[in-house]
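To start, the structure itself, in structure tokens.
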There are 2 protein chains.
Amino acid sequence: MTAVRLTGAEGRRKVGAQIRQALRVGDLAPGQRLVEQDLADDYGVTRSAVREALMDLAADDLVELVPRRGARVRVVSVAEAVQITECRAALERLCARKAAVLASPAQREELVQIGAQMRDAVAAGAVDTYSGLNRRLHELVVQASGQEVARRQLERLNGQMVRYQFRLALRPGRPAQSLPQHLAIIDGVVAGDPDAAEAAVAAHLDSVVEQLQAADPRPS
Amino acid sequence: MTAVRLTGAEGRRKVGAQIRQALRVGDLAPGQRLVEQDLADDYGVTRSAVREALMDLAADDLVELVPRRGARVRVVSVAEAVQITECRAALERLCARKAAVLASPAQREELVQIGAQMRDAVAAGAVDTYSGLNRRLHELVVQASGQEVARRQLERLNGQMVRYQFRLALRPGRPAQSLPQHLAIIDGVVAGDPDAAEAAVAAHLDSVVEQLQAADPRPS
DNA sequence: GTCGACGAGATTGTTGACAAGAAAGTCGAC
DNA sequence: GTCGACTTTCTTGTCAACAATCTCGTCGAC
């Protein structure tokens, strides 16, 4: 590797993105120590850049920053994952309700398409495709609601959940179970029925909480 | 002022707290530019400390950090304040519901006392006292819910609202209007009735949204 | 054999100087 | 008199060295 050492702001953004990516993929284990100099060498940036990137990540609760002791990948317990999902539910219910009223025709159209594609993906057993559509669905509902504040909060919350979402999607039978729930959300929003949309989102995320607890019945 | 120049972590915490305080009180106007060296001199810390403190504040959306152009106190429009309040409502509803089930006897007792003190404060026209009790009430409900994730999110949201909360509390007749709503929240939680508690919180924050929009009918 | 003190190495925290960029003020041309 | 280019000044961004602290391994005493 004879990569040029990136300088400055560019480097800082790069490190942040790289670490986030590594967390998503699972290259960085929860609890793992993150040594500034090592990261700087790995990514070819200076320690300052790494330092600022770590502070960013800590602000998003992705890493834990202990003074004089460095950074560790934050471990989110099942109990905390449940709390995060409860908050997601609270915020997404709000968004679903508003989206049912405010969504543009184009957005409603995309929702319908996502629903059809989800059906196909489940029928074909395409887990990855389904997972991507799932993300897009939630994202689109939030966008359509116009609730920017909620959008930012949800982004942060979702960032902390990647590990669990991944594990959840892989459970056999899970897509078949969540498909009707997702379709209900789509129906509610497309039909312009706030109550139905909200109820569908609530039911869906209740089911996620249930699955989380079933995955690890022992609250740490 | 011959104050010793604080060093390091201590300094960083101090600056953060000082700036937050200044924002609360209104010493720092929205949109005002924050020059790193000036703050460093004012508070007797190094520029590095100020820099890190500003990054913290930016993570909480209290200041806006424009590359190469420095930090400004973030302006939150009425429209955004409404969105923030909607998110608060979503999260506090969740907390109220859980608090109604989970609150300890001691916490229920304190809620009852806060209710009584609020009555007295309104009768006496003690706006500041009432405002403090208001804060404590919301805080206590969140604490009693055990929802730590929601607590952190609400803390962040409330930090952005200080200016509006302040202006709202000063509107004549506002305490008399919100008192019954607060008492309803207390009743719901103390009685252990999740539905009632949630509904009371929802009604209260709907009323806050209404007041916000009345304060400035023009969405920016 | 275990516990505790000591010391070497590793890691983070802090600082000040320097570089790069933006804003403001000045001068000249039209 | 006004507009635009240039220069000056101010401000932020970057970096590398230094200092403070922590961790871990080693050694010795009981």
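Throughout, protein chains are lettered first and strands after them, A, B, ... in sequence-line order, and every chain is numbered starting at 1.
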### Query
Nearest 0.5 Å, what's the CZ-CD distance between A:R135 and A:Q165?
7.5 Å

### Task
To the nearest Å, give me how far apart CD (B:Q37) and P (D:dC10) are.
12 Å

### Summary of side-chain hydrogen bond (donor to acceptor under 3.5 Å, both in side chains) pairs that have at least one residue in residues 105-115 of chain B, sequence neighbours excluded
B:S104-B:Q107, B:E109-B:Q113, B:E110-B:R136

### Query
What nucleic acid atoms does A:L34 come within less than 4.0 Å of, heavy atoms only: base, sugar-phosphate, or nothing?
sugar-phosphate

### Query
Which pairs, with at least one residue in residues 61-115 of chain B and sequence neighbours excluded, count as a ring-ring contact (aromatic ring centres under 6.0 Å, His included)?
none

### Residues which pass side-chain contact (heavy atoms from CB on, under 4.5 Å) with B:D206, listed by chain and number, not counting sequence neighbours
none

### Message
In whole Å, I'd like the distance from the CG atom of B:D38 to the C1' atom of D:dT11.
### Response
10 Å

### Query
For DNA chain C, which residues in residues 59-72 of chain A have a heavy atom at a distance below 4.0 Å?
A:P67, A:R68, A:G70

### Whole-Å gap separating P (D:dA20) and CD (A:E36)
18 Å

## Note on the structure
The nucleotide from C:dT15, C:dA17, C:dT11 with an atom nearest the side chain of B:R47 is C:dA17

### Task
Just jot down the side-chain hydrogen bond (donor to acceptor under 3.5 Å, both in side chains) partners of B:D60, sequence neighbours excluded, or say none.
B:R20

### Task
Return yes if a side-chain donor-acceptor contact under 3.5 Å exists between B:S178 and B:Y130, otherwise no.
yes

### Summary
Here the side-chain hydrogen bond (donor to acceptor under 3.5 Å, both in side chains) pairs for residues 88-98 of chain A, sequence neighbours left out, are A:R88-A:E92, A:R88-A:N158, A:E92-A:H138, A:R93-A:E198, A:R97-A:D195, A:R97-A:E198, A:K98-B:E86

Distances for protein N/O vs nucleotides 5-10 of chain C N/O pairs under 3.5 angstrom?
none

### Message
Measuring to OP1 and OP2 of C:dT14, would you say a side-chain N or O of B:T46 lies under 4.0 angstrom away?
### Response
no

### Query
Over how many whole Å does the gap from A:M55 atom CE to D:dG13 atom C1' extend?
15 Å

### Pairs flagged by ring-ring contact (aromatic ring centres under 6.0 Å, His included) wherever residues 67-114 of chain A is involved - sequence neighbours left out
none

#### Entry: Set of residues satisfying salt bridge (charged side-chain N to carboxylate O under 4.0 Å, His left out) with respect to B:R69, sequence neighbours excluded
none

### Message
Without decimals, in angstroms, what is the distance between B:E52 CD and C:dT15 P?
### Response
10 Å

#### Entry: d(CG, B:L54; C1', D:dG13) in whole Å
14 Å

